[in-house]
Amino acid sequence: MSKVATRFAPSPTGPLHIGGIRTALFNWLFAKNNNGSFYLRIEDTDKERSKDKYKEQITESLKWIGVENDGDEYIQSKKIEDHIKVANILLEKGFAYKCYCSTEEIEEQKLRAKQKKIPYLYDRKWRDKPETEAPKDINPVIRFKSKIKGNSILKDLVQGDVEIENSTIEDFIILRNDGSPTYNLSACVDDHQMNVTHIIRGDDHKINTFKQMQIYIAMNWELPSFAHIPLIHTTEGKKLSKRDKASTLDDYSKIGIMPQALRNYLLRLGWSYKDKEIFTKEESIKCFNLEGIGKSPSKLDMSRILSMNEHYIKSIDENDLYDQLSNYCEIYKEKIPNEKMEKIKSSLTFLKNKAKTLEDIYNNSKYIINDVVNFNQEDLKLIDENAKKIISDFLKEISKLDIFSRDKLEPLLQNLIKLNNTNFKGVGQPLRIMLTGSKFGPGIYDILTSLGKDEVIKRLDKN
RNA sequence: GGUCCCUUCGUCUAUCGGUUAGGACACAUGGUUUUCAUCCAUGAAAGAGGGGUUCGAUUCCCCUAGGGACCGCCA
């Protein structure tokens with residue numbers, strides 16, 4: 001058997017959504033699992049809607065999630081001549097014919113079918129009509145002479161055998177009246193030329209496969225294997241589209257979801273390997289197979305994405321985490337000042353424990369990043385006379401300290417609690433508010449030691 | 001409307017004829033704790049319905065119901 005080759009073939013007519021990302025991931029994983037190649041093909045033949053910015057968004061997205069294509073990306077629009085050639089061969093060999101129906105005529109037929117509530121299927125009017133009857137003023141389209149009798153079976157690697165009546169497949173257009181090829185022609189010519197062995201794509205392409213298989217057979221090309229994976233649904237149970245909320249990668253990256261977490265989540269959405277939940281990139285390549293793909297569509301679950309992200313935040317190397325955090329802050333929040341780098345880095349151990357996302361870490365570390373504390377009036381009300389006294393007592397005590405560590409601070413705070421006849425909250429909350437401007441956040445000792453004695457004094461000594 | 005596909009806890013799923021139907025997320029309760037969290041423990045939670053086949057069906061077959069996809073001179 002020839003070397004395994006898969007491809008991901010998006011059209012750059014909108015931002016790639018995570019269903020597409022998952023399809024790409026599965027293709028890539030399958031290829032790598034088989035020591036094969038994974039190609040990226042940009043299907044940019046819709047000149048109206050294809051945009052360079054979307055092409056960039058697609059390649060950026062794949063890069064972000066860690067899916068790398070082998071070789072250069074294949075640009076479909078550059079291969080149009082090849083597609084047309086195949087259409088002409090099909091025509092010569094009698095597998096296709098010219099159809100002289102006008103657009104209006106077809107539209108009318110469709111309308112009538114809709115009114116009668118019967119399915120529209122092109123009536124194959126020109127399938128056997130002699131060319132001599134052709135009107136002079138109409139540019140014909142080329143239609144494929146689809147099988148009328150019998151059944152076809154698709155041996156799908158995920159869905160099993162799918163059987164369909166040939167008569168339900170119409171004589172589809174392969175060349176438009178402007179001479180340009182259509183999707184079903186282009187896709188299978190490209191797949192053939194690229195030596196793609198396994199076509200793994202969304203379930204929504206299943207009917208197309210019956211059309212494309214006929215072209216392969218007519219051209220006497222070796223048929224690739226097909227695997228149609230169930231679509232990802234929204235929480236409402238509908239096919240995910242580009243317009244849906246939380247559907248593109250950016251929707252996730254902007255709230256601080258990390259690529260390895262989303263990769264792992266997407267991998268396990270609709271695919272399983274026993275009870276294993278966490279897969280490194282290497283493990284996923286090693287374990288991936290088509291047998292593990294489920295047959296039913298799966299719904300997106302944000303809480304699971306969050307929890308996966310939390311897992312990676314807590315388990316990845318802190319240098320790596322810092323790099324991702326600093327990158328995230330620069331793009332979506334504010335750049336971490338150079339002089340704060342080391343401080344944030346060394347505080348990551350406690351900052352990350354309270355975070356599900358990079359955004360959470362950023363929020364938790366704002367008090368380090370910004371020297372000026374932003375208070376909200378509600379919190380400030382909690383700083384009453386009592387609290388002010390505790391703060392000033394605290395200031396007096398710490399001024400005596402030469403080592404500003406948890407070991408030294410703990411007895412000091414305990415003493416303060418006793419002295420003021422209060423509990424930990426009574427001391428901790430005012431300090432936390434004055435130091436960070438928030439009632440929530442890291443542990444008070446972590447706040448104190450991460451800020452350092454001088455900064456703590458500076459922030460408390462305001463009265 | 002036609003064709004095709006799907007159906008195990010709320011969600012993602014395990015099971016490949018014999019299990020107290022397992023895990024993860026979410027949820028609930030309790031504990032640890034320094035706020036918010038984390039962490040630990042415990043709990044509740046599922047085979048759509050009906051027929052077969054079989055000694056035995058979640059698992060195989062059929063029907064019904066529900067859900068989905070496709071039905072472009074888009075890809």
Side-chain angles (χ1 to χ4, degrees), chain A residues 9-14 43-46 48-50 76 99 101 103 106-107 110 113-114 116-121 139-143 154 156 158-160 162-165 167-170 172-184 186-187 201-208 210 228 230-231 233 235 237-239 265 268-278 291-292 294-308 310-311 314 350 352-356 360 364 410 413 423-425 427-429 431-433 436 438-447:
Chain A
S11 60
T13 53
E43 305 208 327
D44 58 343
T45 49
D46 186 335
E48 300 284 302
R49 296 193 300 148
S50 293
Q76 188 166 63
C99 163
C101 290
T103 317
I106 298 289
E107 286 305 317
K110 280 184 190 173
K114 209 175 177 183
K116 284 190 195 164
K117 292 200 168 185
I118 53 167
Y120 166 76
L121 220 64
N139 273 337
V141 298
I142 310 289
R143 288 184 183 269
L154 159 64
D156 195 281
V158 168
Q159 313 269 341
V162 181
E163 195 172 352
I164 198 171
E165 273 180 55
S167 60
T168 61
I169 304 289
E170 71 169 351
F172 54 98
I173 293 170
I174 53 177
L175 233 49
R176 300 184 183 96
N177 61 191
D178 67 356
S180 64
T182 61
Y183 166 73
N184 281 305
S186 296
R201 67 198 346 178
D203 208 12
D204 48 346
H205 280 287
K206 210 156 53 191
I207 300 298
N208 285 328
F210 287 95
H228 290 94
L231 303 175
H233 281 178
T235 34
K238 298 271 186 260
K239 174 185 175 180
Y265 172 77
R268 278 288 287 102
L269 187 66
W271 178 82
S272 63
Y273 187 83
K274 294 171 186 166
D275 273 345
K276 194 168 165 60
E277 300 282 351
I278 305 297
E291 294 74 47
K295 287 185 170 191
S296 54
S298 30
K299 286 177 187 163
L300 234 31
D301 180 2
M302 196 57 198
S303 66
R304 215 175 149 95
I305 297 175
L306 250 19
S307 116
M308 189 64 83
E310 184 180 9
H311 171 268
K314 283 173 182 158
F350 66 83
K352 70 180 181 184
N353 275 329
K354 291 168 186 290
K356 279 187 157 62
D360 291 343
N364 282 336
E410 209 164 341
L413 241 73
N423 55 17
F424 196 94
K425 198 178 171 188
V427 176
Q429 197 173 57
L431 283 178
R432 178 190 306 283
I433 290 171
T436 70
S438 171
K439 279 191 286 188
F440 317 118
I444 192 68
Y445 296 114
D446 289 328
I447 294 174

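Quick note on labels: first sequence line is chain A, next is B, and so on, each numbered from 1.
The partner of B/A41 is B/U29, by the rule that a Watson-Crick or G-U pair needs both atom distances under 3.5 Å. Pairing for B/C74 is absent, with no Watson-Crick or G-U wobble pair whose two atom distances lie under 3.5 Å. Of the nucleotides present, none pairs with B/U54 by Watson-Crick or G-U wobble criteria with both distances under 3.5 Å. Base pairing of B/U8: no nucleotide in any strand meets the Watson-Crick or G-U wobble criterion (both distances under 3.5 Å).
Which of B/C4, B/C73, B/U34 sits closest to the side chain of A/Ile164 comes down to B/C4.
Remark: A/Thr13 is not in phosphate contact with B/A75, judged by side-chain N or O atoms under 4.0 Å from OP1 or OP2. OP1 or OP2 of B/U33 has not a single side-chain nitrogen or oxygen of A/Lys425 nearer than 4.0 Å.
Protein atom CD1 of A/Ile305 is 16 Å distant from nucleotide atom P of B/U11, rounded to whole Å.
Across all strands shown, A/Leu231 has heavy atoms under 4.0 Å from sugar-phosphate atoms exclusively, and none from any base. When heavy atoms are screened at a 4.0 angstrom cut-off, A/Tyr265 is found touching no nucleic acid atom at all. As judged by a 4.0 angstrom heavy-atom cut-off over every strand, A/Cys101 is placed among the base-contacting residues.
Using atom P as the reference point in both B/U11 and B/G47, the two lie 13 Å apart (nearest Å).
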